[in-house]
Amino acid sequence: MRNDDQTPRMDTHWKERPGEYVMKKLPEVTLAFWIMKVAATTLGETAGDLFAQTLKIGYFLTTVALFLIFLVTLVIQLASKRYNPFFYWTVILSTSMAGTTMSDFMNRDASAEYLPKGATSLGWGPQGLGLGYPAGAAILISILIAIFVIWKFTGLTFAIRDIDTFRGEALFWSAILVSNTLGTSLGDFLSDSSGLGYSGGVVLITALLALLLALKYVPAVPNVLLFWLAFVLTRPFGATAGDLLTKPTTKGGLDLGTVGSSAVLLAVLFGLMGWAHLQERRHTLAMASVS
């Protein structure tokens, strides 16, 4: 997205109070950032379905387990003193996986259309709340708006490249978790209930993302707004792309399976994370040599 401030930025920031020094904790928003975001969200969809459906652990138990994993990865990220690509993208992945099963648990139930072929139930505990995609999306949109309202009243920046406080980062990750869950609901609605199917959902969301890309050249449209709209939309893109890869051909998918698709996507994501770590290390060494 557009960078309105064209002056070079350092990896560190000085706070207003003398002597208070913080490190930059979040990545720059580049093309590589968006590629990794799509890979992580698509993997989140296939991995979430792998645990909940293929392994028949169920939405409830999988949601509890993945939410606990999210909390562990979040604590590691918040405790970190500087930006670490592995920490950051592991949290993104954990929010994507947890968001997948949280959405499924909210929206689905034990009816045959939501269960694997031949299954009558999924795991221990409640099968799902059965709210449906419209009601689930409405609840999640309301929660996301509430987070942004609270964020606005704190006076902290919405721009990811300028978030450098614990409270700002906590609000950021809250918005990420809800937006990834919302994106799953929107993606599943497009794939399962809208009549577009998996490929049609991918095409529609791709067109919307292309529109956002065009709007970044319109000065009147805030860059921060475009970022958050794109961040939310890449989640249903990942959800529909994941379904397209894994669902049976009779349902319009490619029937590659959750295991194989997740393995390939995990390899791609870890490769990109390694590349990002190398780039960050080179940049840090370059900054150290200048200073």
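FYI, side chains are in, hydrogens and waters are out, and symmetry mates aren't considered; it's all heavy atoms of this structure.
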Specify whether [X] and [Y] have parallel, tilted or perpendicular ring planes, treating 30° as the upper limit for parallel and 60° as the lower limit for perpendicular.
X	Y	result
F172	F231	perpendicular
W228	W151	perpendicular
F60	W124	tilted

How many angstroms lie between [atom1] in [X] and [atom2] in [Y], if you round to the nearest 0.5 Å?
X	Y	atom1	atom2	value
T41	L233	OG1	CG	11.0 Å
T258	L50	OG1	CG	4.0 Å
L171	T157	CG	OG1	11.5 Å
M106	I139	CE	CD1	4.5 Å
E45	T100	CD	OG1	4.5 Å
F67	L74	CZ	CG	9.0 Å

Applying the 4.5 Å side-chain criterion to the ILVMFWY set and letting contacts propagate, would [X] and [Y] be lumped into a single cluster?
X	Y	value
I150	I147	yes
L78	F86	yes
L225	L212	yes
L68	I76	no

Problem set entry | Derivation of the side-chain contact (heavy atoms from CB on, under 4.5 Å) call for D49 and D104 | CA-CA 9 Å; D49 287 347; D104 289 344; 3.7 Å; yes

Quick one: closest heavy-atom pair of [X] and [Y], and the distance?
X	Y	result
I69	S94	CG2-CB, 4.4 Å
L177	M102	CD1-SD, 4.2 Å
I92	K37	CG2-CD, 4.3 Å
G136	N107	CA-OD1, 3.3 Å
L66	M97	CD1-O, 3.4 Å
V178	I143	CG2-CG2, 3.9 Å

For this session: Please test Y133 against R108 for side-chain contact (heavy atoms from CB on, under 4.5 Å), starting from the C-alpha separation and ending with a verdict.
Result: CA-CA 8 Å; Y133 297 126; R108 299 180 177 184; 3.3 Å; yes

I'd like to know if the side chain of [X] and the backbone of [Y] have a donor-acceptor N/O pair within less than 3.5 Å.
X	Y	result
T101	A98	yes
S262	V259	no
T73	F70	yes

Exercise. For the ring pair F158 and F148, is the centre-to-centre distance below 6.0 Å?
Worked result: yes

Exercise. Taking it one step at a time, do L265 and L269 satisfy side-chain contact (heavy atoms from CB on, under 4.5 Å)?
Worked result: CA-CA 6 Å; L265 289 167; L269 182 59; over 6 Å; no

Do you see a donor-acceptor pair shorter than 3.5 Å between the side chains of [X] and [Y]?
X	Y	value
S261	T46	no
S185	S103	yes
T95	N180	yes

For this session: Kindly indicate, with the supporting measurements, whether the criterion side-chain contact (heavy atoms from CB on, under 4.5 Å) is fulfilled by I176 and W173.
Result: CA-CA 5 Å; I176 295 302; W173 288 115; 4.0 Å; yes

